[in-house]
2 protein chains.
Amino acid sequence: MNQPDNPPVKSRLPADQRRKAIVDAAVQLFAQNGFRGTTTRQIAHAVGVTEPVLYMHFETKRDLYSAMIESISSGTPLASCDPICHHTGDDAVFTSIASGILRWHVEDPTRIRLLLFSALEGHELSDLFYQGHIVPFMKTLAAYIERRIEDGAFRRVDAYNAARAFCGMIAQFGQSLTVFRTPCPEDSRKEVVHQMVAIFLNGMRKPEDTRE
Amino acid sequence: MNQPDNPPVKSRLPADQRRKAIVDAAVQLFAQNGFRGTTTRQIAHAVGVTEPVLYMHFETKRDLYSAMIESISSGTPLASCDPICHHTGDDAVFTSIASGILRWHVEDPTRIRLLLFSALEGHELSDLFYQGHIVPFMKTLAAYIERRIEDGAFRRVDAYNAARAFCGMIAQFGQSLTVFRTPCPEDSRKEVVHQMVAIFLNGMRKPEDTRE
DNA sequence: ACGCTAGGATAGCATGCGCTAAGTTGCGGT
DNA sequence: ACCGCAACTTAGCGCATGCTATCCTAGCGT
């Protein structure tokens, strides 16, 4: 009578696996509906168990949220420092960074949605992610820009502001694609990235006749 | 007994004034907590009346939300086309636009919060605002950039992508200030805007020796 | 073969939600 | 002065929520 409708599923899982399954389901639902918009029943149903099972692993709904935050936060970083390390020319570096940021957004919109939801709802992912991922990367990028300024390749501007400008225009584009669902075909995106990188690099490079 | 605690307030308002008061309170609460995170009781309490009063003016909570959307949507636009019309040099134009966008964000974070919440929660403000404000402005800005390209002042790039890049970096900065609460002193903001405008304009201007 | 325990289901509590029926009162018009 | 109505309140319905007390059972070790 209480037979599940999909019969050949292993009904009982060891604690750690079940816990992981719960967190995974929670990620999707919290990203889609936010903390307040997601019910514990929804999560339980998505996992294929009943509510009390959630409470065997997490004391409260918020504890589950926090655990999910941690899971997300330890996942794919927004931007990788790799392109900076394997430096093969500014164009390659910044194109690679931009592609990475954009991929982070569109490949799985779950992440940006979760980040925005938690920032708006005042949860801790905001800070955890911002301080843990964004700021460190921005500092690395700023350091790279600083180096290029010292090289004489870039104009003398505040490196962190320049990094902010670059990441900002890419991130905003990624956000408009995922959160605001602006339509934009795949290859057109590459073109946008290409042009943004071009504008930025042109803006950073030293003009022939300096004029203030 | 049911006397309100602030005595010299005219307790009864004509329908249109009460309606406006409700919408105003709803704006603040929906911006702070989202649609699902805001209760009709909260709104009623903020207005200083009881719940049924809300339902004298709006059939459902969602209707109130829609009315509030309309109210916000007919308010201050994200960006004004004025600086483009009163064109007094690229630097002045883009600095003015950037300041306007940033002001729209920080002057009253209610707006950006509402926009993001409604996009995430899948309400209609997203499209209403995006199609009604952002897209038209972007097109105007793109047209201006196009003109400057024809003038020979800017490099040949897709004008809309350039507009996206410019607005994106400013908007993302505004978002980080308001939504993610990144600390940044007032005069430091001006500096950020200044540098972003400089990077963008430098990137757009034709280099002396064109090289592809 | 079978007991023990970890993994799970049933049922339900207390609270708060959106919303409403019905009654009450301040206030402008005559 | 007082009537009528618009503005507002009281009380509460039905339902969903977060969470829990209680019981059940699959499946492993022996």
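Each chain gets a letter, A, B and so on, in the order its sequence line appears, and its residues count up from 1. What's counted below: heavy atoms across the whole structure, side chains too, no hydrogens, waters or symmetry copies.
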J.: Would you mind checking if A/Lys20 and A/Asp24 are paired as a salt bridge, meaning a charged N to carboxylate O distance below 4.0 Å?
T.: yes

J.: What pairs of residues pass the ring-ring contact (aromatic ring centres under 6.0 Å, His included) test when at least one of them lies in residues 12-40 of chain B, not counting sequence neighbours?
T.: B/Phe30-B/Phe35, B/Phe30-B/Tyr65, B/Phe35-B/Tyr65, B/Phe35-B/His123

J.: Could you state the CZ-C1' distance from B/Arg12 to D/dC8, rounded to the nearest angstrom?
T.: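 About 5 Å, once rounded to whole Å.
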
J.: Rounding to an integer number of Å, can you tell me how far A/His45 NE2 sits from C/dG8 P?
T.: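 For the pair A/His45 NE2 and C/dG8 P, the rounded distance is 16 Å.
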
J.: Quickly work out the A/Ile43 CD1 to D/dT17 C1' distance and round it to whole Å.
T.: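 Result: 12 Å.
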
J.: Which of residues 23-40 of chain B have a heavy atom under 4.0 Å from DNA chain C?
T.: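 Nucleic-acid contacts, sorted: B/Thr38, B/Thr39, B/Thr40.
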
J.: Between B/Arg18 and D/dA6, is there a side-chain N or O to OP1/OP2 distance below 4.0 Å?
T.: no

J.: Of the residues in residues 62-70 of chain A, which ones touch DNA chain C at a heavy-atom distance under 4.0 Å?
T.: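 The answer is none.
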
J.: In terms of side-chain heavy atoms of B/Met56, which of C/dG7, D/dC8, C/dA9 is nearest?
T.: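 It is D/dC8.
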
J.: Answer yes if the side chains of B/Gln195 and B/Glu191 hold a donor-acceptor pair under 3.5 Å, and no otherwise.
T.: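 Yes, side-chain donor-acceptor contact under 3.5 Å.
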
J.: Measure from CG on B/Leu13 to P on D/dT9 and round the result to the nearest Å.
T.: 11 Å

J.: Please figure out whether B/Glu51 or B/Asp16 has its closest DNA chain D nucleotide nearer the 5' end.
T.: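 Going by which nucleotide is closer to the 5' end, it is B/Asp16.
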
J.: What's the closest nucleotide to the side chain of A/Ala15 if the choices are C/dA9, C/dG7, D/dC8?
T.: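 Closest nucleotide to the A/Ala15 side chain: C/dG7.
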
J.: Out of D/dA7, C/dG8, D/dT9, which nucleotide sits closest to the side chain of B/Pro14?
T.: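 Selected nucleotide (nearest to the side chain): D/dA7.
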
J.: Could you state the atom-to-atom distance from CD of B/Glu59 to C1' of C/dC19 in whole Å?
T.: 12 Å

J.: Side chain of A/Tyr55: nearest nucleotide among D/dT20, C/dA9, C/dG8?
T.: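 Within the option list, the nearest is D/dT20.
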
J.: Atom CD1 of A/Ile22 and atom CE of A/Met68: how far apart are they, to the nearest 0.5 Å?
T.: 13.5 Å

J.: Output the distance between atom OG1 (A/Thr38) and atom NZ (A/Lys61), rounded to the nearest 0.5 Å.
T.: 6.0 Å

J.: Please enumerate all residues that pass side chain to side chain contact (heavy atoms under 4.5 Å, CB included) together with A/Glu59, with sequence neighbours excluded.
T.: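 A/Glu59 satisfies side chain to side chain contact (heavy atoms under 4.5 Å, CB included) with A/Asp63 only.
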
J.: Could you tell me whether B/Val49 contacts a base, only the sugar-phosphate backbone, or nothing, with contacts defined as non-hydrogen atoms closer than 4.0 Å?
T.: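 Here B/Val49 touches the backbone only, sparing every base.
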
J.: Can you identify which nucleotide, out of D/dT25, D/dC8, D/dC19, has its nearest atom closest to the A/Arg41 side chain?
T.: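 In terms of side-chain proximity for A/Arg41, the closest of D/dT25, D/dC8, D/dC19 is D/dC19.
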
J.: If a pair satisfies side chain to side chain donor-acceptor pair (under 3.5 Å) and one of its residues is in residues 97-108 of chain B, list it, with sequence neighbours excluded.
T.: B/Asp108-B/Thr110

J.: From NE2 of A/His57 over to C1' of C/dA6, roughly how many Å is that when rounded to an integer?
T.: 10 Å

J.: Just jot down the side chain to side chain contact (heavy atoms under 4.5 Å, CB included) partners of B/Ala79, sequence neighbours excluded, or say none.
T.: B/Ile101, B/Phe137

J.: I need the CD-C1' distance between A/Gln17 and C/dA6, as an integer number of Å.
T.: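 The answer, rounded to whole Å, is 14 Å.
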
J.: Is A/Glu146 atom CD crowded by more than 12 heavy atoms from other residues, nucleotides or ligands, each under 6.0 Å away?
T.: yes

J.: Rounding to an integer number of Å, can you tell me how far A/Lys61 NZ sits from D/dG18 P?
T.: 4 Å

J.: With side chains defined as the heavy atoms from C-beta onward, is the minimum distance between A/His57 and A/Val53 less than 4.5 Å?
T.: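 A/His57 vs A/Val53: side chains touch.
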
J.: By nearest atom, which of the nucleotides D/dA11, C/dG26, D/dT20 is closest to the A/Pro52 side chain?
T.: D/dT20

